[in-house]
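Take a look at the structure below.
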Amino acid sequence: MTGVVTRFAPSPTGFLHIGGARTALFNWLYARRHGGRFLLRIEDTDRARSTEAAIGAILDGLRWLELDHDGEVVYQSTRAAGHVEAAERLLAAGKAYRAYDTREDLEEMRKRRMAEGLKTRYDRGWRGRDPSEAPPDVRPVIRFKAPLEGESIINDLVQGEVRFDNDQFDDIVLLRSDGTPTYTLAVVVDDHDMGVTHVIRGVDHLTNAFQHSFIFGALGWDVPAFAHVPLIHGPDGARLSKRHGALSIAAYRDMGYLPEAVRNYLLRLGWAHGDDEIISTGQAIEWFGLDAVGRAPARFDVDRLDSLNAHYLKDAPDDRLARMVAERFAAASGGQPGGDALARLERGMPGLKIRAKTIVELTEKASFYLASRPLDLTPKAAKLLAGDGAPRLARLAPELGAIESWDAGALEAALRGFAEREGVTLGAVAQPLRAALTGSHESPGIFEVMAVLGRDETIARVGDAAGGS
RNA sequence: GUCCCCAUCGUCUAGAGGUCCAGGACACCACUCUUUCAAGGUGGAGACACGGGUUCGAUUCCCGUUGGGGACGCCA
């Protein structure tokens, strides 16, 4: 397939959340898969609810996820002239009409017809009435003449064949009484003008797709292919929304997730490729297809994201991780870690990163490498130094200065020898030492810690702990 | 209320009539490795919502029930 054009078209009424991110990802993947273009359009036709901050958050979120769009960002609000022109064309062709109902009339109609169980809400009163009957004090809207009978079919790339009886489509508003276009009109005109071939979005737009295709047809335009993907639900099965558990994509970044992990997680939510779980973005581009997208809504599962993130953390280069940790550490402590600290972090990263699920956790676990002496001890660490611990470290201290090469292998040999002479297990030496060096009872391998810390710092920290007894 | 969609382990899913007493992953539980905590390795428990059909044979096809979800704006 050539010439594929997809688009992500969020409305800037809030942050970019996980559901929107997945829609963006699917559109992006589909375009990349087919060597096509992925466009970004901001649907800000609701001037009252759109905000600059939301636009910024959406752009930032996409950038963080590394979902790059082709071409300039299109702002729907700048295209009103074309929308109005399309409405007028429909009016002139007799495919739309002016309706002079008041909001009160409509509200009453809605209630009455809802109560009667009728399908459409608007009674189409003005579809046949002569404009000369128009009340002088009501500014009209322009409504589209939806088909009255028969049925319509959409062959959705995800949902399959979907049929609707035409008698349930309202004559929707194209132009508001203030002359501004509605979403339905704007989407059709913009998708056409932008050459969009595949519309991939949430199922909540499924019924809109019918209205859209009527308008495409009335305007004499080709209808794009539709793919309506299921929504993401919260762990409780309820729809994820801004007021119900949905977090902005920035929140996931702040919680310490890697963009590649989030992408992999989102990809597997509703889409599968056999038993494959760890799927790189490159591989995803090769494999992604709409036919493998499921139709049932999926629940958001943090454990799974954590697990994927842990995997990508293990895969990530140490210098990248060290920079991320240093940044967070600096932000938390207000200071700026020096070059030495960054180098130490990087050397310690192999042992650190296999123990963390998120960058936040990684930062916590790395903190002992950056902490200044004397270290604060956790209660469990203090307990390790009580009793035999400290005196033993005092006996160990002089031997540390005599070790010839300060590397993990030599250190292990030295410590095992020391433990033997002390007549205790290695653990009886290693645990107090761990407490002295890390302030904690758990850490990366102790020989690695010593090697990363270096001889001087190690001896100093041991001295702090041994001297305290 | 009306219309539309969906339904496999707790969760994400594989499965396109016999290959399934249903596979993988996360989570969970053991064991193992071990200087701690992890990671790794091995093993375990755990699902085809229910009822009818169709068929020699249904997780897979059809219908219904139940249960979820979505849509019914001069919002997008």
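Here is the naming used below: chain letters follow the sequence lines, and residue numbers restart at 1 for every chain. Quick note: numbers below take in every heavy atom, side chains included, and nothing from hydrogens, waters or symmetry partners.
- Nucleotides C21(B) and G46(B) are separated by 16 Å at their P atoms, to the nearest Å.
- Base pairing analysis places C31(B) opposite G41(B); the two distances defining the Watson-Crick or G-U wobble pair are each below 3.5 Å.
- When the C1' atom is used for both C4(B) and U42(B), the distance is 48 Å, rounded to whole Å.
- Across the protein-nucleic acid pair, Asp171(A) atom CG and C74(B) atom P stand 12 Å apart, rounded to whole Å.
- Applying the side chain to side chain contact (heavy atoms under 4.5 Å, CB included) rule to Val462(A) yields the partners Leu393(A), Ala397(A), Leu400(A), Leu433(A), Leu437(A), Thr458(A); only residues at least two apart in sequence or on another chain are considered.
- G70(B) sits 37 Å from U54(B) when the P atoms are compared, rounded to a whole Å.
- Separation of the C1' atoms belonging to G41(B) and C33(B) is 8 Å when rounded to the nearest angstrom.
- If you take CZ of Arg41(A) and C1' of A76(B), they are 11 Å apart, rounded to a whole angstrom.
- Residue contacts for Leu106(A): at a heavy-atom cut-off of 4.0 Å it reaches a base atom on one of the strands shown.
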Taking only distance into account, with no hydrogens and no angle test, what donor-acceptor pairs under 3.5 Å do side-chain atoms of residues 203-210 of chain A form with protein atoms, sequence neighbours excluded?
residue: His205(A); atom: ND1; partner: Tyr183(A); partner atom: OH; Å: 3.1
residue: His205(A); atom: ND1; partner: Asn208(A); partner atom: ND2; Å: 3.1

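- Taking atom C1' on both C48(B) and U60(B), the two are 10 Å apart, rounded to the nearest angstrom.
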Walk me through it: do His83(A) and Val189(A) pass the test side-chain contact (heavy atoms from CB on, under 4.5 Å)?
CA-CA 6 Å; His83(A) 304 153; Val189(A) 174; 3.7 Å; yes
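- If you take atom P in G68(B) and the same atom in U11(B), they sit 14 Å apart, rounded to whole Å.
- As a whole-Å value, the separation of Asp306(A) CG from A25(B) P is 18 Å.
- Checking G73(B) for Watson-Crick or G-U wobble geometry (two distances, each under 3.5 Å) identifies no partner in any strand.
- As rounded to whole Å, 13 Å separates atom C1' of A71(B) from atom CZ of Arg201(A).
- Checking Leu175(A) against Ser307(A), the closest nucleotide of RNA chain B that is more toward the 5' end is the one next to Ser307(A).
- Shown here, U66(B) forms a base pair with A7(B); the pair counts as Watson-Crick or G-U wobble because both key distances fall under 3.5 Å.
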Begin with the C-alpha distance, continue with both residues' side-chain angles, and end with the deciding distance and a verdict on side-chain contact (heavy atoms from CB on, under 4.5 Å) for Ile278(A) and Tyr312(A).
CA-CA 9 Å; Ile278(A) 304 293; Tyr312(A) 283 98; 3.8 Å; yes
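- For Glu422(A), the side chain to side chain contact (heavy atoms under 4.5 Å, CB included) test picks out Arg392(A), Arg395(A), Phe418(A), Val424(A), with sequence neighbours left out.
- When the nucleotides A76(B), G70(B), C74(B) are ranked by their closest atom to the side chain of Gln76(A), A76(B) comes out on top.
- Within the 4.0 angstrom heavy-atom criterion, only backbone atoms of the sugar-phosphate kind lie near Thr45(A); the bases stay farther away.
- The distance between atom OH of Tyr183(A) and atom P of A71(B), rounded to the nearest whole Å, is 12 Å.
- Residue-to-nucleotide contacts include a donor-acceptor pair under 3.5 Å from the side chain of Ser177(A) to the base of C74(B).
- For the residue pair Thr281(A) and Arg263(A), a side-chain donor N or O sits within less than 3.5 Å of a side-chain acceptor on the partner.
- In this structure, Asp191(A) atom CG and A76(B) atom P are separated by 15 Å, rounded to whole Å.
- C56(B) and G18(B) make up a base pair, with Watson-Crick or G-U wobble contacts both under 3.5 Å.
- The base of A76(B) sits within donor-acceptor range of the side chain of Asn208(A), with an N or O pair under 3.5 Å.
- For C72(B), the OP1/OP2 oxygens have no side-chain nitrogen or oxygen of Arg110(A) closer than 4.0 Å.
- Between the side chains of Arg434(A) and Gln431(A), a donor-acceptor pair is found at a separation under 3.5 Å.
- Side-chain contact check for Tyr265(A) and Asp301(A): no donor-acceptor pair (N or O, by modelled atom type) lies under 3.5 Å.
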Nucleotides 3-21 of chain B: protein proximity per nucleotide (B base, S sugar-phosphate only, - neither; heavy atom, under 4.0 Å)
SSSSS---BBSS-------
Base versus backbone protein contacts along nucleotides 32-45 of chain B [heavy-atom cut-off under 4.0 Å; B, S, -]
---BBBBSS-----
Worked check of side-chain contact (heavy atoms from CB on, under 4.5 Å) between Arg127(A) and Leu148(A):
CA-CA 11 Å; Arg127(A) 185 157 173 162; Leu148(A) 266 10; 3.3 Å; yes
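- Nucleic acid contact class of His205(A) (heavy atoms, under 4.0 Å, all strands): base.
- Between the CG atom of Leu305(A) and the P atom of A27(B) there is a distance of 12 Å, given to the nearest Å.
- A14(B) and C26(B) are spaced 15 Å apart, taking the C1' atom of each and rounding to whole Å.
- Across A76(B) and C50(B), the matching P atoms stand 44 Å from one another, rounded to whole Å.
- Within the 4.0 angstrom heavy-atom criterion, base atoms lie near Asp101(A).
- Taking the six-membered ring for Trp, Trp271(A) and Phe288(A) have ring centres closer than 6.0 Å.
- The pairing partner recorded for U36(B) is none, the criterion being a Watson-Crick or G-U wobble arrangement whose two distances lie under 3.5 angstrom.
- Taking the centre of each ring, Phe38(A) and Phe26(A) stay at or above the 6.0 Å mark.
- Between the NE2 atom of His233(A) and the C1' atom of G70(B) there is a distance of 8 Å, given to the nearest Å.
- Residues satisfying the side chain to side chain donor-acceptor pair (under 3.5 Å) test with Arg124(A), not counting sequence neighbours, are Asp171(A).
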